[in-house]
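What follows is a set of notes on a single structure, which appears directly below.
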Amino acid sequence: MANTMQNKGILIVLSGFSGAGKGTLVKKLLETYDNYALSVSMTTRAPREGEQDGVHYFFSSREQFEEKIQADGFIEYAQYCDNYYGTPKAYVEEQLAAGKNVILEIEIQGALQIKKLFPESLLLFVTPPTAAELERRLKSRGTETEEVIAKRLARASEESEGIEAYDYIVVNDNLETCVEELHQIVKAARAVPVRREAFIKEIREELKGFVKGAQN
Ligand code: 5GP
């Protein structure tokens, strides 16, 4: 008998040093596969050139952000290099219920909050192959001042201390290979029993029907 119960999607946390290429990676993953949804965060940092409100982030003032904290509107939030960043609740809940794998592209403090709240979430850490490559990518982006780059590299050093909290490390050397690897990890993770509770419950119920049949 076919199992009809729809599987909920899984919550995927994607962290990595600033400049690791997470943005490009996620964009490619969403273009290639249709069962992913990306959560758009809210931040108090100023938009970079080319960033659009509601697409890359919901840009807000500190006051607006703090109001949303008070209203319990975030799944998690954190301060990063002098700004607030947070994940609005509603979209994530909707998309998970619709069976999508929801990606949160967030830093480590947020990742740890998510793991605590949702132990069945999948934590992935993206890193460039070397530290020198990270510095090169941050500089070549040309969107940040020397001072901001220095702050972000210092923050990367701090974040590297927390990598063990993640389920998988993905080295972003080649974009295509990396996207494929991510997708395979997610597919495998969805098959772990703790993430298939609805399926397990349903098949158990169905099998009980056979036990009764054999007793008659
Ligand atoms: P950026 O300023 O480069 O866009 O982001 C800085 C850092 O904040 C990145 O590591 C990014 O993943 C993280 N970030 C973005 N949105 C959120 C969020 O909603 N929550 C948390 N905790 N971190 C976020």
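What's counted below: heavy atoms across the whole structure, side chains too, no hydrogens, waters or symmetry copies. Everything quoted here is computed from the prediction, not taken from an experiment. Residues: numbered from 1 along the sequence shown. Ligands are counted one by one from 1 in listed order, and the atoms in each one are counted from 1 as well.
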Provide, line by line, the atom pairs where ligand 1 and the protein bring an N/O atom each to a distance under 3.5 Å; else say none.
{"unit_1": "ligand 1", "atom_1": "2 (O)", "unit_2": "Arg45", "atom_2": "NE", "d": "2.6"}
{"unit_1": "ligand 1", "atom_1": "2 (O)", "unit_2": "Tyr85", "atom_2": "OH", "d": "2.6"}
{"unit_1": "ligand 1", "atom_1": "2 (O)", "unit_2": "Arg152", "atom_2": "NH2", "d": "2.8"}
{"unit_1": "ligand 1", "atom_1": "3 (O)", "unit_2": "Arg48", "atom_2": "NH2", "d": "2.9"}
{"unit_1": "ligand 1", "atom_1": "3 (O)", "unit_2": "Arg152", "atom_2": "NH1", "d": "2.7"}
{"unit_1": "ligand 1", "atom_1": "4 (O)", "unit_2": "Arg45", "atom_2": "NH2", "d": "2.8"}
{"unit_1": "ligand 1", "atom_1": "4 (O)", "unit_2": "Tyr57", "atom_2": "OH", "d": "2.6"}
{"unit_1": "ligand 1", "atom_1": "5 (O)", "unit_2": "Tyr57", "atom_2": "OH", "d": "3.3"}
{"unit_1": "ligand 1", "atom_1": "10 (O)", "unit_2": "Lys22", "atom_2": "NZ", "d": "3.3"}
{"unit_1": "ligand 1", "atom_1": "12 (O)", "unit_2": "Lys22", "atom_2": "NZ", "d": "3.3"}
{"unit_1": "ligand 1", "atom_1": "12 (O)", "unit_2": "Glu105", "atom_2": "O", "d": "3.2"}
{"unit_1": "ligand 1", "atom_1": "16 (N)", "unit_2": "Ser41", "atom_2": "OG", "d": "3.0"}
{"unit_1": "ligand 1", "atom_1": "19 (O)", "unit_2": "Ser41", "atom_2": "OG", "d": "2.7"}
{"unit_1": "ligand 1", "atom_1": "19 (O)", "unit_2": "Glu76", "atom_2": "OE2", "d": "3.4"}
{"unit_1": "ligand 1", "atom_1": "19 (O)", "unit_2": "Gly86", "atom_2": "N", "d": "3.2"}
{"unit_1": "ligand 1", "atom_1": "19 (O)", "unit_2": "Gly86", "atom_2": "O", "d": "3.0"}
{"unit_1": "ligand 1", "atom_1": "19 (O)", "unit_2": "Thr87", "atom_2": "N", "d": "3.3"}
{"unit_1": "ligand 1", "atom_1": "19 (O)", "unit_2": "Thr87", "atom_2": "OG1", "d": "3.4"}
{"unit_1": "ligand 1", "atom_1": "20 (N)", "unit_2": "Glu76", "atom_2": "OE1", "d": "3.4"}
{"unit_1": "ligand 1", "atom_1": "20 (N)", "unit_2": "Glu76", "atom_2": "OE2", "d": "2.8"}
{"unit_1": "ligand 1", "atom_1": "22 (N)", "unit_2": "Glu76", "atom_2": "OE1", "d": "2.8"}
{"unit_1": "ligand 1", "atom_1": "22 (N)", "unit_2": "Glu107", "atom_2": "OE2", "d": "2.7"}
{"unit_1": "ligand 1", "atom_1": "23 (N)", "unit_2": "Glu107", "atom_2": "N", "d": "3.1"}

- request: Would you indicate whether Gln184, at its atom CD, is surrounded by more than 12 heavy atoms from other residues, nucleotides or ligands within a distance under 6.0 Å?
  value: yes

message: Is it the case that atom NZ in Lys28 sees more than 12 heavy atoms from other parts of the structure closer than 6.0 Å?
response: no

- prompt: Is it the case that more than 12 heavy atoms not belonging to Glu146 sit under 6.0 Å from its CD atom?
  reply: no

message: Can you confirm whether Tyr85 is buried at OH, in the sense that more than 12 heavy atoms of other residues, nucleotides or ligands lie under 6.0 Å from that atom?
response: yes

field: Thr87 versus Glu76, side-chain donor and acceptor atoms under 3.5 Å
entry: yes

- prompt: What do you reckon, is CD of Glu197 surrounded by more than 12 foreign heavy atoms closer than 6.0 Å?
  reply: no

